[in-house]
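This report refers to the structure that appears directly beneath it.
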Amino acid sequence: MSAVAPITRSYDVEAVRAQFPILGRDAYGKPLAYLDNAASAQKPRAVIDRMTEVMTHSYANVHRGLHLLSNEATAAFEQARKTTAQFINAASTDEIVFTSGGTDAFNLVSYSLGVNALEEGDEILLSVMEHHSNIVPWHLLRERKGVVLKWLDISDDGEIDLGAYEAAFSARTKLVAISHMSNVLGALTPAKELSRIAHEHGARILFDGCQASVHGTIDVQEIDADFYVMTGHKLYGPSGIGVLYGKKSVLDTMAPYRGGGEMIEIVEQDHVTYNDPPHRFEAGTPAIIEAIGLGAALEWMMATGIDAIAEHETALARHAMEELRKLNFITLYGQAPGKAPIICFGVDGAHPHDVSAILDRSGVAVRAGHHCAQPLMKRLGVSATSRASFAAYNTHAEVEALIAGLHKTYEMLK
Ligand SMILES: *Cc1c(COP(=O)(O)O)cnc(C)c1O
């Protein structure tokens, strides 16, 4: 094992692993090395138990009943909103909108800004390393309203040149929609500077925090985000739940997204008025159990220690990068200093799908494909890559299993 490996003295990874029941299973009779965390993370007992407890003890619809179970479910649901606000240091719980996922949050902002905040010819600035869910909703607005998408290039490692960024603004730039951390290259973008420059040009800024929120402490006030998006299933919580943080002063000006119960104030035959945020954006019965499960996941992360988790993951990624650099048949994509534990690579002469299938047979689960980032694949000059991504429960032995699996893969495919 390399010199950088065992630095996590105070972090007891075996104690963390013991909290994830799924890690007890095998894959084809071999130990499971789950390295597809950037696509979705596994769930700790705390989340599974909390969701089961709600369903077995306190389940009812929220906000509407004046009875015991409804009151308990509402209290638990609103507690999850408080926990989420605390997790990203929002100034108020009213700034936390629950959505059905990350994708739904981008669509909410796109739809709503299209109603009353963006005109034909207004510009939205995106980077070429965005996830499709932070691209396609803006394309919809381009098709519907004639807004203009402007694309910011990145370095090969996913870094943003602040001079080029500032130069991309015009008087028509109304919104920046940009990754806080690439799900492919792992690079963290300089959020505070990006915000400052956007605001100096009178534009709003939305961060795709679906990855950054998993690997470090987020402070939406410090980075001065107008919008910040997260998704539950990558944060050790359930799928079907996501978060749109919006500054109160911004959410207050925004038109509703979907219509239905809960988002209204008064409904008459010829007229309707809308509830205040966040409820204005939460039409219908929400994902009650999932929101409470997300709250439990964020509590679990804070109790385990967000920085301790990040330090452990960084050590794993450094170990993996060091070993991968020794292999002359591997191409690495994204080597920015301080990058996240998300590693994209290619095996010379092999298709990523074949690499992933062979690794799978050795019990190592990695992703292969375009990672919902086709403009970035084009920028990198590839059609697909393999991706290994680390979480709180991964081990240095799993890094070794990945490396051993890659040796085997190369022997089989070369
Ligand atoms: C996963 C992901 C999304 C989309 O989240 P969903 O949960 O699939 O809706 C958006 N951006 C990034 C960077 C992601 O990793």
Side-chain angles (χ1 to χ4, degrees), residues 35-43 47 84 88 97-111 124 126-140 152 154 158 160 176-189 191 194 205-216 218 223 225 227-245 257-258 281 286-287 290-291 293-294 297-298 313 317 333-334 336 339-344 366-377 379-380 385-391:
L35 304 181
D36 192 20
N37 296 286
S40 208
Q42 302 298 345
K43 321 304 173 198
V47 170
T84 307
I88 56 172
V97 179
F98 284 131
T99 64
S100 71
T103 300
D104 189 39
F106 296 106
N107 280 280
L108 189 167
V109 177
S110 154
Y111 180 90
I124 300 176
L126 309 169
S127 89
V128 298
M129 66 177 169
E130 299 313 314
H131 187 283
H132 292 164
S133 76
N134 190 28
I135 297 175
V136 184
W138 311 114
H139 267 309
L140 296 179
L152 182 71
I154 50 152
I160 285 170
V176 177
I178 198 160
S179 173
H180 192 191
M181 178 184 283
S182 164
N183 65 312
V184 176
L185 299 173
L188 189 71
T189 59
L194 296 175
I205 188 160
L206 172 149
F207 288 103
D208 177 352
C210 289
Q211 296 292 340
S213 58
V214 183
H215 302 294
I218 303 301
I223 63 177
F227 301 105
Y228 199 92
V229 173
M230 303 191 288
T231 186
H233 66 96
K234 292 179 186 171
L235 289 159
Y236 308 98
S239 53
I241 186 78
V243 176
L244 172 67
Y245 160 84
Y257 170 38
R258 288 173 299 178
F281 306 106
E290 289 76 9
L294 172 60
L298 301 182
E313 294 168 337
Y333 301 100
K339 68 171 262 169
I342 299 171
I343 299 176
C344 266
V366 301
R367 200 84 180 162
H370 55 60
H371 315 294
C372 298
Q374 284 177 357
L376 176 57
M377 293 295 116
R379 165 65 180 77
L380 297 173
T385 75
S386 298
R387 179 181 71 189
S389 49
F390 298 98

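Ligands are counted one by one from 1 in listed order, and the atoms in each one are counted from 1 as well.
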- Message: Restricting to ring-ring contact (aromatic ring centres under 6.0 Å, His included), what partner residues turn up for Phe390, sequence neighbours left out?
- Response: none

- Task: Report yes if some N/O of Asn183 lies less than 3.5 Å from some N/O of ligand 1; otherwise report no.
- Result: no

- Message: Under the criterion side-chain hydrogen bond (donor to acceptor under 3.5 Å, both in side chains), I'd like the reasoning laid out for Asp104 against Tyr257: C-alpha separation, chi angles, the key distance, then a yes or no.
- Response: CA-CA 10 Å; Asp104 189 39; Tyr257 170 38; 3.0 Å; yes

- Query: Got the closest protein heavy atom to atom 1 (C) of ligand 1, with its distance?
  - Reply: Lys234 NZ, 1.2 Å

- Flag the pair Leu194 / Val176 as yes when at least one side-chain heavy-atom distance between them is below 4.5 Å, and no otherwise. no

- Query: Considering only protein heavy atoms, which is closest to atom 13 (C) of ligand 1, and at what distance to one decimal place?
  - Reply: Asp208 OD2, 3.2 Å

- Hey, is ligand 1 close enough to Thr103 that some N/O pair sits below 3.5 Å? yes

- Note on the structure: One finds that the ligand 1 atoms under 4.0 Å from a non-hydrogen atom of His233 are 6 (P), 7 (O)

- Message: Here's a test for you: under side chain to side chain contact (heavy atoms under 4.5 Å, CB included), which of Leu294, Leu298, Val229, Leu235 qualifies with Val243?
- Response: Leu294

- Query: Judging by distance only, is a nitrogen or oxygen of Gly101 under 3.5 angstrom from one on ligand 1?
  - Reply: no

- Item | Proximity flag Ser133 to ligand 1, non-hydrogen atoms under 4.0 Å | yes

- Task: Write out all pairs satisfying side chain to side chain donor-acceptor pair (under 3.5 Å) with one or both partners inside residues 366-377, taking only residues at least two apart or from two chains.
- Result: Asp36-Arg367, His370-Gln374, His371-Thr385

- What orientation do Tyr228 and His180 show, parallel under 30°, tilted 30 to 60°, or perpendicular over 60°? perpendicular

